Structure formats: structure tokens, C-alpha cells
Amino acid sequence: MKIRRTIILTALLAAGLTTGCNRELDIDSTKTVGDKNFWRSYRDTRAALVGTYGLMRAALTDNGCFWMYGELRMGDFTAVQRPDLDAVIKGKLNAAFPLFEGLTNWRRFYAVVNAANIFLEKVGEVKQNDPKYSDQNMRVDIAQVRFLRAFSYFWLASVWGDVPFVASSHDGAFANKPRTDKQKILAFVESEMLAAAADLPFNYSTNDPQQLGDYYNEPSSRWMGVLARKLSAYAVLAHVAAWRGDYRNAMTYSKFVLDNKERSGMYYEPDTRWISAANGMFQGHKTNQLYGLNFEFDYQEGTFGGHFEEFTLAEPLVRKSLPDIYVTRDSITSIFASPLDTRFSIDTVTGQPKYTDRWFTNFNSEIPIFCKIKVIQKDGSDPSFRLYSSCLIYTRLEEIALLNAEALAVIGNRAEAINSLNIVRDLRKVPRFAEGSGEDLIDAIFQERRKEMIGEGHRWFDLVRYHRIKRNNPAFMKLINNGGIYWPVAAEVLRQNPLLKQNPFWN
């Protein structure tokens, strides 16, 4: 059964849960899936599981929200002719643009939560009805669904702060709920992720002790980089702990990923060219995608929207005269100041840019093109079509190494922090950080994150963590202390649930 078909099936089932007369939060609801022909066999659990992944992917790509939330706000990109994107970049999040109606509405994340809750409530029926559905299969399925539910709540708490907490589908008879404190939400996320990690394998269909045999009768190549693995959960746990300011656990969780990378067949990627190649890191599903959500061109999942390329690419890569957003030449040369950096650098002799097919191209034009992510159709070879199939990568190994360096630096283990920072500097041929060089260690770590992870949805969240650590920017600290780091809640949501109030910063 193709992934696309199972995503469509479960998306339709989930849609059936979002229409009717009763409301929970901002989601219209009827009864949970009660079709007598569903939840009968392991094929149904596979459809529901993969469909929940599809809902998570839709939640993060609708309106490009993954990048709106994580990359554009106060980031390095500049809008060309899009005032709505300019408003996002400048933090004017209550501006009256249609784009903001979607970005401020949390419906899509609660659709994931709802689908996960239904799965957890119904999966036992399959176990009773289908002898082919083993205890181990069910345990691994449940772990993935708990991962997805927790991941959705992590986004909800990161974007909106205090949010309603829904732990069950209540057979569709939903009641409006008030907000739950964000710290309680994040504590739930951490506990759920730990529970999921305990039951997830390092890889699927590789006779991992926690998942023996072929998972759903498919070889390991089918699932590589597609499903959440044990290290995916620990990578997200590291982010959850860092967002909470719990850097000892952030260090522990990130260290687990780095210490066990070989068990998932992962390695640091020394070839910067391959990361940005049309058939490289962002194309298809690969083991080095520590956690990502795929658009498989071979499964007819290429789309015109929901990809960063939609906003960043233009001539000569696609037939579009100007991109929607770009990084100015002054910003590029300021950020990528090392003449040896293999991501982007300026030749000290000729004054011309090197590596113009990697992070940036058309540098000498007024509007350079950010080309780090450029999966057009399948291999990026035909500029006449703007059909994209790049993977949305939430995290990869190099990102976790830098998060590990951040955690170690904050708790005072400078030597190990420098080691983790230098892993990435060595990969990109940037001079190593050395004690006594005059560089500030925290600044150096976040600057390396800025260079390595640009365009991958981390910049805003990095800025928040950086300023929480440094506490030397009064304007940003006011934003943090007054709740301005969170987005406003959509007017539609507030109308539907009288127990909710707008984030005070946006009143």
C-alpha cells in the first residue's frame, strides 16, 4: 500500500472528526471513527499510523508555517514584494493579512492530537480482531503515535505558550477547555517522548530487539528516514529540555543521540555540496535525516506549496523572476565571514564568491538566491516546473552536535562544549574555536547554528534561547517577559471557545 494512499485515507477519517455540531477548542467534532469495517486488521493500523504522520506534515507545511514560525520572524531573510511576509519578519503578527488567519490558528496541530488520541483508544480493537497484529507491532505503533502527539504539543506550546490540553477523544463529545500552563504541557511532552523512546527501535526492519522482522512486511530501505526512531525522540527531547532551560537534560539527551548515532547508521556529513545538492540531504528519505517529514516524488507527493523553495527560489533555478524572500549580500558576507567556509565564502584574492551552488547562488546580483534547499520535482533538473518534493527536516546530526555544545556551555563544561562546536567547524573548514582567541563561546555556538541551519526552521527559536542565556538585550527580554515571543490566537478560535483569551501581549 503506498504511503500517499494511507495518508489520504486517514486524513479523510480525521476530517470526519472535524465536522458536526459540537466543538472542542476550535475543531468541530462528531463521533470518533466507529466504522465497523475499520480498526479490524493491521492494515487499518498502518493506514491510521501513516495518516497521522501525514497530518503532522500538513500541520507544519500549511501556509509554510514551519518556516514562518521558526525561520522568518526576526531572521536573516528579507521580503521582496510580499508585505505579509515582511510583517512576519518584523514580528507584526496581528497584521490584517489572509496569511495570518492560518498561521494563528492551531486547528491543524489539534487534528494531529485528535488522530493520535483515537489511535490510542482504538488500537486494542485491532489486537483483538487480527492475530497477525503482534504485541511488538502494537507497542512500536503506539510509541510512534505518542511521539507524534507529543511533538504536536511541543509545537503548540512553543508557538502559543499556554494551550488547551486534550488527552482523549471523548468519543467525539467534546467540551471547550481553558488553557493549560505551558510548563505542564512541556512536562507532558517530555514524559511522553521518554515513554515513546523506550519502545522505538534504532531502525526498522533490521531485527532491532524492539522491532524484529520486517515492519509491516517492508524492508528497512522503505522506512529509512520516514518514521520516528529512538534517536528522533531523544533529539526532540533535547530541544524540549533546551526550550525549558533545563540544559543538564538537554546535554544528556543530545549526548545520547551523538553516542548512539552508529546504531542508526548515521554519520556527520562532511560534504557540504551534498547537503545542498538537488539529490542530497533534502531529497527523498535518508538515514541522516534524524527526524523529517517526507514528500516522496515517487509516491506522487510533490507539491507546489508547503516547501521553503516556494519562497526562496527564482531564476535561474525556476521560472520565477524574483524570489519572495532573500538574504542580502551584506548579511551573507557578515554571517559567512571565514574565507574557508565551504557553505559560502569570498575568495580573498579575486573577491568573488566560492561554492555558488551550495547555500547561495546569484550572489553578485541585487537579490541573491538562497539555494541550499532546491528539490524541484525529484532531482532539480527542470526549471520549467515548480513542483517540489524536498523533505522537511526538523533536525539532523550536525544540528544536535551544536545543541549539545550549547547545553554544555551553559552548564559550564567548556572543554566538551568546544569539542562539539569544533565538530561542525571542522566539517565546514572553519578555523577551530580555541580558548584565548577572544571569541565568546555562546556567541560562537549560536553563530555556527546560524550558518549551518539557515533555512531549516531554527533561527527564531535559537534567538529566544540565546537571549534567555545572555540576558543583555532589554528589548528582546521585554518580549520574552511579556509573552511576545508567542503568536496571537486566531479570532476564529476565540469565537468558538469562550474559555480562551487572547495572548495578553497581542490585546
Side-chain angles (χ1 to χ4, degrees), residues 3 53-54 56-62 64-72 75 147-148 151-152 154-155 158 203 223-239 254 257-258 261 264-297 301-303 306-313 343 358-359 370-376 378 380 388-403 424 427-428 448-462:
I3 294 291
Y53 278 100
M56 187 74 251
R57 187 181 72 180
L60 288 174
T61 58
D62 184 46
C65 70
F66 177 76
W67 298 278
M68 302 296 158
Y69 298 150
E71 192 65 42
L72 264 63
F147 171 93
L148 291 167
F151 192 55
S152 190
F154 181 41
W155 275 95
S158 300
N203 276 321
W223 304 119
M224 183 184 301
V226 173
L227 306 177
R229 298 169 281 174
K230 191 181 295 291
L231 295 190
S232 309
Y234 275 101
V236 175
L237 278 163
H239 274 278
S254 57
V257 175
L258 302 179
K261 60 184 182 297
S264 278
M266 300 187 69
Y267 55 89
Y268 295 113
E269 181 49 63
D271 187 352
T272 309
R273 180 206 57 79
W274 185 85
I275 291 177
S276 62
N279 63 347
M281 174 71 79
F282 293 92
Q283 189 268 321
H285 58 278
K286 297 177 172 66
T287 188
N288 264 11
Q289 297 165 351
L290 183 50
Y291 179 55
L293 294 159
N294 306 99
F295 288 81
E296 293 284 357
F297 187 82
E301 291 176 359
T303 62
H307 300 268
F308 204 41
E309 297 99 314
E310 175 188 0
F311 306 102
T312 58
L313 295 188
R343 294 163 293 206
R358 300 184 185 183
W359 269 217
F370 178 78
C371 64
K372 178 184 179 182
I373 306 171
K374 47 180 179 291
V375 185
I376 306 163
K378 184 176 181 179
Y388 308 116
S389 58
S390 56
C391 176
L392 185 160
I393 299 179
Y394 176 71
T395 182
R396 52 187 171 91
L397 206 56
E398 294 81 10
E399 190 271 323
I400 290 297
L402 292 170
L403 190 62
V424 178
L427 290 169
R428 308 299 170 237
E448 204 59 41
R449 287 185 63 84
R450 187 181 187 184
K451 292 186 288 184
E452 180 69 14
M453 305 311 299
I454 186 170
E456 296 185 45
H458 292 276
R459 182 62 180 155
W460 166 252
F461 301 112
D462 285 0

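Everything quoted here is computed from the prediction, not taken from an experiment.
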*Could you please spell out the steps behind the ring pair (Phe, Tyr, Trp, His ring centres under 6.0 Å) verdict for F147 and Y291?*
CA-CA 11 Å; F147 171 93; Y291 179 55; 4.9 Å; yes
*Do the charged groups of E448 and R343 touch, with an N to O distance under 4.0 Å?*
yes
*With the side chain counted from C-beta on, respond yes when E398 and R428 share a heavy-atom pair under 4.5 Å apart, and no when they do not.*
yes
*Between atom CG of L293 and atom OG1 of T61, what is the distance when rounded to the nearest 0.5 Å?*
8.5 Å
*Please assess R396 against E269 for the test salt bridge (Lys or Arg N to Asp or Glu O under 4.0 Å), listing each intermediate value before the final yes or no.*
CA-CA 10 Å; R396 52 187 171 91; E269 181 49 63; over 6 Å; no
*Could you tell me whether a side-chain N or O of N288 sits under 3.5 Å from a main-chain N or O of M266, the two making a donor and an acceptor?*
no
*Measure the shortest side-chain to side-chain distance between L403 and M453 over non-hydrogen atoms and say whether it is less than 4.5 angstrom.*
no
*asked:* For E456, is there any backbone N or O sitting under 3.5 Å from a side-chain donor or acceptor partner on E71?
replied: yes
*Measure the spacing between CD1 of I393 and CD of Q289 and express it to the nearest 0.5 Å.*
4.5 Å
*Can you check whether W67 reaches L392 side chain to side chain, under 4.5 Å on heavy atoms?*
yes
*Is there side-chain contact between F308 and Y388, with at least one heavy-atom pair below 4.5 Å?*
no
*Please assess E399 against R449 for the test salt bridge (Lys or Arg N to Asp or Glu O under 4.0 Å), listing each intermediate value before the final yes or no.*
CA-CA 7 Å; E399 190 271 323; R449 287 185 63 84; 2.8 Å; yes
*Worked verdict on H239 versus F154 for ring pair (Phe, Tyr, Trp, His ring centres under 6.0 Å)*: CA-CA 9 Å; H239 274 278; F154 181 41; 7.2 Å; no
*Just how far is it from atom OH of Y234 to atom OG of S264, taken to the nearest 0.5 Å?*
12.0 Å
